Protein chains: 2
Amino acid sequence: MSEVVKKKSLTAEDWQEAALNVIAHQGVGAVAVEPLARELGVTKGSFYWHFSNRMDLVKQSLKKWRLGDKKLVEETILTIKNPKKRLLAWFKLSAEPIQTHLIYSTLLADRSHTLISKILKEITLERLGHLQQSYREMGFDEKFAKAQSLLAYSVYVGFLHMSKTLYGSLPDSKKAEEYAKFVSKQLLS
Amino acid sequence: MSEVVKKKSLTAEDWQEAALNVIAHQGVGAVAVEPLARELGVTKGSFYWHFSNRMDLVKQSLKKWRLGDKKLVEETILTIKNPKKRLLAWFKLSAEPIQTHLIYSTLLADRSHTLISKILKEITLERLGHLQQSYREMGFDEKFAKAQSLLAYSVYVGFLHMSKTLYGSLPDSKKAEEYAKFVSKQLLS
DNA sequence: GTAATACCATACGCCACAGTATGGAGTGCT
DNA sequence: AGCACTCCATACTGTGGCGTATGGTATTAC
């Protein structure tokens, strides 16, 4: 018997996860109330009890995603003391086939709402800061660290899109390994 | 008096250009018949004389874009004999603030139609081929040329998105210069 | 000058989804 | 048992865009 428990009622989080799944694969524009309700096996009567409107769902979903992503980075990357190893771990995580990357790369081309642009800018600057910090700790000067971190982050973003374009999805673990290895050699020596 | 000639009637190309403009800034999903007609100062009676339906317009617009982009690359990049100079020109063109980049980067996150995925895959592979060829001509072995071209192309794609995210638009010519210079140093030596 | 053709306006039916209003089943509390 | 609260179904209105049908005007061909 599976561990799937037949829930009597949905929570706001259930809706958010469903929404994030749609965002990851079809973008924010594809988040629609009625289709989501159908998918979840309820009607929109349920939706409008949990959320005030469509944008409310999008907002809360992205907030949830942002928190989860931040936590992931903090726990698996920022805890590493050695800057070079930290960067290496970042490159490797960058190629891991996980949903958070899909969401990020989908949002990147979405200019439908200022909220999204704002979130994106925040996240991007935050991550660039981490990279730059690591490069600085490795001994590089400010200017180089800045340029190099921008370059490295561009590689990350670009690789995400390339993977989706060429393979239809995110790279598998094997490719992630190769990628991290090559990138490290080119951007970390 | 301006050289704008008051046209009596629209051509299919007029519609395509308007559509490409929308695609560049809001994505394929935002291409709608009636809003476009309003923008062009006509009604959809005009549209359905030139095109059979919405998707027909999208298809033909992307075809037009593809041809133009191909011509641009062939004329400004592929004519350069020296492989190193050719790559340098490519990096520089990559950061130029022109519409074709916007369209490409917008399409990259759009998985709404198999046609788009198909076009993207074609273009991407074609461009990767050019880069790989250049690296090979520079004397690098097959394997390195392949990995390095993927890296370089990732940088291109990533930089496009970064520019839109951080500055709200494409980089200006000055930033393009700096970018090309730094990238060249890192990926071309 | 007349007929054909190119181009467009108007008006229509259709559908998908947003949001509201309201009632009703289930659950826990007392 | 009775009440309140949680969660959802149903039924509605409103809006925006797709595609069609049809008629009208200007241009071109002859």
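From a predicted model like this one, the values you see are computed outputs, not experimental measurements. We use all heavy atoms of the structure for the numbers below, so side chains are in, but hydrogens, waters and symmetry mates are not. Just so it is clear: chains get the letters A, B, ... in the order the sequence lines come, proteins before strands, and each one is counted from 1.
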**Q** For the pair made of CG in Leu40(B) and C1' in dC7(C), what is the distance, rounded to whole Å?
**A** 14 Å
**Q** Check Leu128(A) against Ser149(A) and note the closest heavy-atom contact, atom names and distance.
**A** CD2-O, 3.6 Å
**Q** Given atom CD of Glu34(A) and atom P of dC17(C), what is their separation to the nearest angstrom?
**A** 6 Å
**Q** Have Gln132(B) and Gln148(B) got a donor and an acceptor in their side chains that come within less than 3.5 Å?
**A** no
**Q** Ion pair present between Arg127(B) and Asp69(B), side-chain N to carboxylate O less than 4.0 angstrom?
**A** yes
**Q** I'd like a list of close polar pairs between nucleotides 6-8 of chain D and the protein, N/O only, cut-off under 3.5 Å.
**A**
unit_1 : atom_1 : unit_2   : atom_2 : d
dC8(D) : OP1    : Leu10(A) : N      : 2.7
dC8(D) : OP2    : Ser46(A) : OG     : 3.0
dC8(D) : OP2    : His50(A) : NE2    : 3.1

**Q** Any donor and acceptor pair, going by atom type alone, linking the side chain of Thr106(A) with main-chain N or O of Ala24(A) inside 3.5 Å?
**A**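 Side chain of Thr106(A) to backbone of Ala24(A), a donor-acceptor pair under 3.5 Å: yes, one is there.
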**Q** Between Glu137(B) and Lys84(B) (salt bridge meaning N to carboxylate O under 4.0 Å), is one present in this structure?
**A** no
**Q** Determine, stepwise, if the pair Tyr153(B) / Tyr156(B) fulfils ring-ring contact (aromatic ring centres under 6.0 Å, His included).
**A** CA-CA 5 Å; Tyr153(B) 199 77; Tyr156(B) 158 62; 5.2 Å; yes
**Q** Can you see whether Tyr104(B) engages Thr124(B) through a side-chain donor-acceptor pair at a distance of less than 3.5 angstrom?
**A**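 Distance-only check passes for Tyr104(B) and Thr124(B).
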**Q** So, under a plain 3.5 Å distance rule, would you say the side chain of Lys44(B) forms a donor-acceptor pair with the base of dA9(C)?
**A**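 No pair found.
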**Q** Tell me: CZ of Arg38(B) to C1' of dC8(C), nearest whole Å?
**A**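 Those two atoms, CZ and C1', are 17 Å apart.
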**Q** Salt bridge (Lys or Arg N to Asp or Glu O under 4.0 Å) with Glu75(A): which residues, sequence neighbours excluded?
**A**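 With sequence neighbours excluded, Glu75(A) shows a salt bridge (Lys or Arg N to Asp or Glu O under 4.0 Å) to no residue whatsoever.
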**Q** dG19(D), dG17(D), dC17(C): which one has an atom nearest the side-chain heavy atoms of Tyr48(B)?
**A**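 It is dG19(D).
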**Q** What parts of residues 51-65 of chain B reach DNA chain C, counting only heavy atoms under 4.0 Å away?
**A**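 Per residue number, the list is empty: none.
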